[in-house]
Amino acid sequence: MIRPKAQGEEGMALLMVMGVLATAMVLLAHLMMVSEILSREAYAISTKGLLRYQAESAADTAFWLHLTDRRLFSNRTLGQTDQDDFRTTEGFPPWMLDGRPHLFDDEHCAVTLNSGESGLVFKNIASSLRQGLSAVDDADLLLEIDAFLDAYNDYVDDNDLRSLNGYEEEDYAADGFPTLPRNGPMEFKAELYWLPGWEYVVSGEIATLPPMQIPYNYANAARVSIYSATAREIADKLDQDEDSADVQSVMEALRLWREEGIPLDDTLEMELLVTLKNNFSFLEAGVAVVEANAYDGQREVMGGYRVVREAKISSRTFFADNKRECLSLWERKWR
């Protein structure tokens with residue numbers, strides 16, 4: 001016997017069916033969203049890997065062109081343009097450590113070459129930190145520097161004797177670093193940031209450390225390359241704030257140089273240019289920092305590569321082996 005449907009049962013059944021369909025649609029939308037996310041992540045990962053190879057290739061090409069530049073032209077004064085007479089004759093544009101971008105692969109990859117010597121050098125750390133300071137006007141800063149140098153000397157010496165303002169094993173252990181100090185020469189420039197009081201005395205960049213057993217002489221270390229200088233380094237040398245008119249004029253001149261190739265002589269007042277030449281290096285360094293950034297077609301994914309190499313071909317440490325088959329490599333990393 002078939003029971004007649006109660007009033008409202010068809011409506012309830014319809015609601016249940018609609019509810020199941022709605023839930024199914026939500027799940028389907030979620031699955032589509034997850035699929036899209038996984039697809040984008042897979043694209044980003046695979047593309048980034050390819051872009052890193054692309055950046056590495058462009059950086060190596062740029063470095064070889066830089067070495068060719070050094071062989072062709074003995075004048076290593078920075079600020080040269082492809083309109084210079086001797087370059088026009090050779091038909092070879094500048095591949096120098098001057099911070100100008102070089103574009104590869106339909107402008108999807110940009111490479112810059114900068115000085116690797118600029119910054120604080122550990123070998124001359126005491127004289128570098130005290131350079132230009134007055135015993136009267138900078139007395140407090142000099143006391144900070146002396147305290148920092150005591151900690152530095154305790155870090156690199158091979159004993160446990162504490163200097164006047166030193167920092168030894170028990171001090172680092174109390175700060176949560178039981179394996180410090182090194183009690184030997186620093187191997188990485190970032191080690192300087194482990195020392196107490198560094199933030200009061202180290203205002204600029206730190207020069208790249210050569211690999212162990214390479215006795216490199218930083219010829220231009222006393223002066224930062226103007227084409228690789230930061231706003232803070234320029235402000236410190238000019239004894240002005242970063243937002244001062246002179247510092248902003250220099251930064252704008254450097255931007256015009258990098259983006260449009262306009263020499264600093266054409267954009268800076270003569271007095272300011274002379275001041276810069278007295279405080280910064282306008283000669284090319286012997287260590288090259290090559291940075292390359294490659295982008296996909298939509299510029300949504302970037303792969304970067306940075307390498308530091310010695311660029312003095314005549315140096316005995318230019319090669320890493322006695323057979324002179326392998327170039328020395330100071331530092332490299334991918335981004």
Side-chain angles (χ1 to χ4, degrees), residues 50-118 207-208 210-211 214 216 219-220 225-229 254-264 281-295 302-321 324-335:
L50 292 174
L51 292 176
R52 285 176 173 176
Y53 284 119
Q54 184 180 357
E56 182 180 5
S57 176
D60 287 343
T61 301
F63 183 68
W64 281 107
L65 288 169
H66 171 66
L67 296 182
T68 303
D69 193 297
R70 282 181 176 262
R71 283 189 176 274
L72 289 175
F73 308 105
S74 59
N75 181 5
R76 306 316 298 171
T77 302
L78 295 172
Q80 297 178 25
T81 67
D82 47 7
Q83 281 80 38
D84 291 341
D85 292 339
F86 52 97
R87 289 193 176 273
T88 302
T89 302
E90 294 289 342
F92 195 86
W95 287 84
M96 304 184 71
L97 309 183
D98 55 11
R100 291 201 67 189
H102 301 274
L103 301 179
F104 289 80
D105 303 324
D106 296 328
E107 301 186 1
H108 287 149
C109 182
V111 181
T112 56
L113 298 95
N114 286 292
S115 167
E117 292 189 4
S118 300
T208 304
I214 292 185
Y216 185 81
N220 297 326
S225 169
I226 184 59
Y227 293 93
S228 304
L254 290 174
R255 185 191 68 80
L256 291 173
W257 162 255
R258 295 186 183 109
E259 295 181 3
E260 302 179 26
I262 303 176
L264 301 186
S281 174
F282 281 72
L283 294 176
E284 191 170 60
V287 179
V289 178
V290 186
E291 296 185 78
N293 294 316
Y295 299 86
M302 186 271 285
Y305 178 74
R306 181 180 187 272
V307 63
V308 182
R309 291 185 183 275
E310 187 174 355
K312 293 180 180 178
I313 305 174
S314 60
S315 173
R316 69 178 183 85
T317 55
F318 177 76
F319 292 94
D321 60 333
R324 301 171 67 85
E325 295 177 346
C326 181
L327 302 185
S328 63
L329 179 65
W330 283 32
E331 177 185 299
R332 69 173 175 174
K333 63 181 179 180
W334 286 266
R335 293 188 298 160

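Position 1 is the first residue of the sequence; numbering continues from there. All values below come from the heavy atoms of this structure, side chains included, with hydrogens, waters and symmetry mates left out.
- Residues Asn114 and Tyr227 form no side-chain contact, since every pair of their non-hydrogen atoms from C-beta on lies 4.5 Å or further apart.
- Listed by first and then second residue, the salt bridge (Lys or Arg N to Asp or Glu O under 4.0 Å) pairs that reach into residues 98-114 come to none, sequence neighbours excluded.
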Show every donor-acceptor pair shorter than 3.5 Å between a side-chain atom in residues 325-335 and any protein atom, with sequence neighbours excluded, or say none if there are none.
residue	atom	partner	partner atom	Å
Ser328	OG	Thr317	O	3.1
Ser328	OG	Phe318	O	3.1
Glu331	OE2	Arg306	NH1	2.5
Arg335	NH2	Asn293	OD1	2.5

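- Residues passing the side-chain hydrogen bond (donor to acceptor under 3.5 Å, both in side chains) test with Thr77, sequence neighbours excluded: Asn75.
- Legend: residues meeting side chain to side chain contact (heavy atoms under 4.5 Å, CB included) with Ala288, ordered by chain and number and at least two apart, are Phe63, Leu97, Val290, Ala311.
- Here Leu50 pairs with nothing under the side chain to side chain contact (heavy atoms under 4.5 Å, CB included) rule; sequence neighbours left out.
- Remark: Ala55 engages Ala292, Ala294, Tyr305 in a side chain to side chain contact (heavy atoms under 4.5 Å, CB included) (not counting sequence neighbours).
- For Arg255, the side-chain hydrogen bond (donor to acceptor under 3.5 Å, both in side chains) test picks out Glu252, Glu259, with sequence neighbours left out.
- The two atoms that bring Leu78 and Leu283 nearest to each other are CD1-O, 3.9 Å, heavy atoms only.
- Residue Gln54 comes nearest to Cys109 through the heavy atom pair NE2-CB, 4.1 Å, listed as atom of the first residue, atom of the second, then distance.
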Legend entry - From CA spacing to verdict: side-chain contact (heavy atoms from CB on, under 4.5 Å), Val307, Val289: CA-CA 6 Å; Val307 63; Val289 178; over 6 Å; no
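- Considering only heavy atoms from C-beta on, Ile226 stays 4.5 Å or farther from Ser281 through its side chain.
- Pairs passing the salt bridge (Lys or Arg N to Asp or Glu O under 4.0 Å) check and including a residue from residues 74-93, sequence neighbours excluded, read Asp69-Arg76, Asp69-Arg87, Arg76-Glu284.
- Here His102 pairs with Trp95 under the ring-ring contact (aromatic ring centres under 6.0 Å, His included) rule; sequence neighbours left out.
- From Leu67, atom CG reaches atom CZ of Arg309 across 9.0 Å, with rounding to the nearest 0.5 Å.
- With sequence neighbours left out, Phe73 forms a ring-ring contact (aromatic ring centres under 6.0 Å, His included) with Phe86.
- With hydrogens and angles disregarded, a donor-acceptor distance shorter than 3.5 Å links the side chain of Glu117 to the backbone of Gly286.
- Note that the CZ atom of Arg71 and the OG atom of Ser314 stand 9.5 Å from one another [nearest 0.5 Å].
- Applying the side chain to side chain contact (heavy atoms under 4.5 Å, CB included) rule to Glu260 yields the partners Leu256, Ile262; only residues at least two apart in sequence or on another chain are considered.
- Here the side chains of Arg70 and His66 are in contact, with some heavy-atom distance below 4.5 Å.
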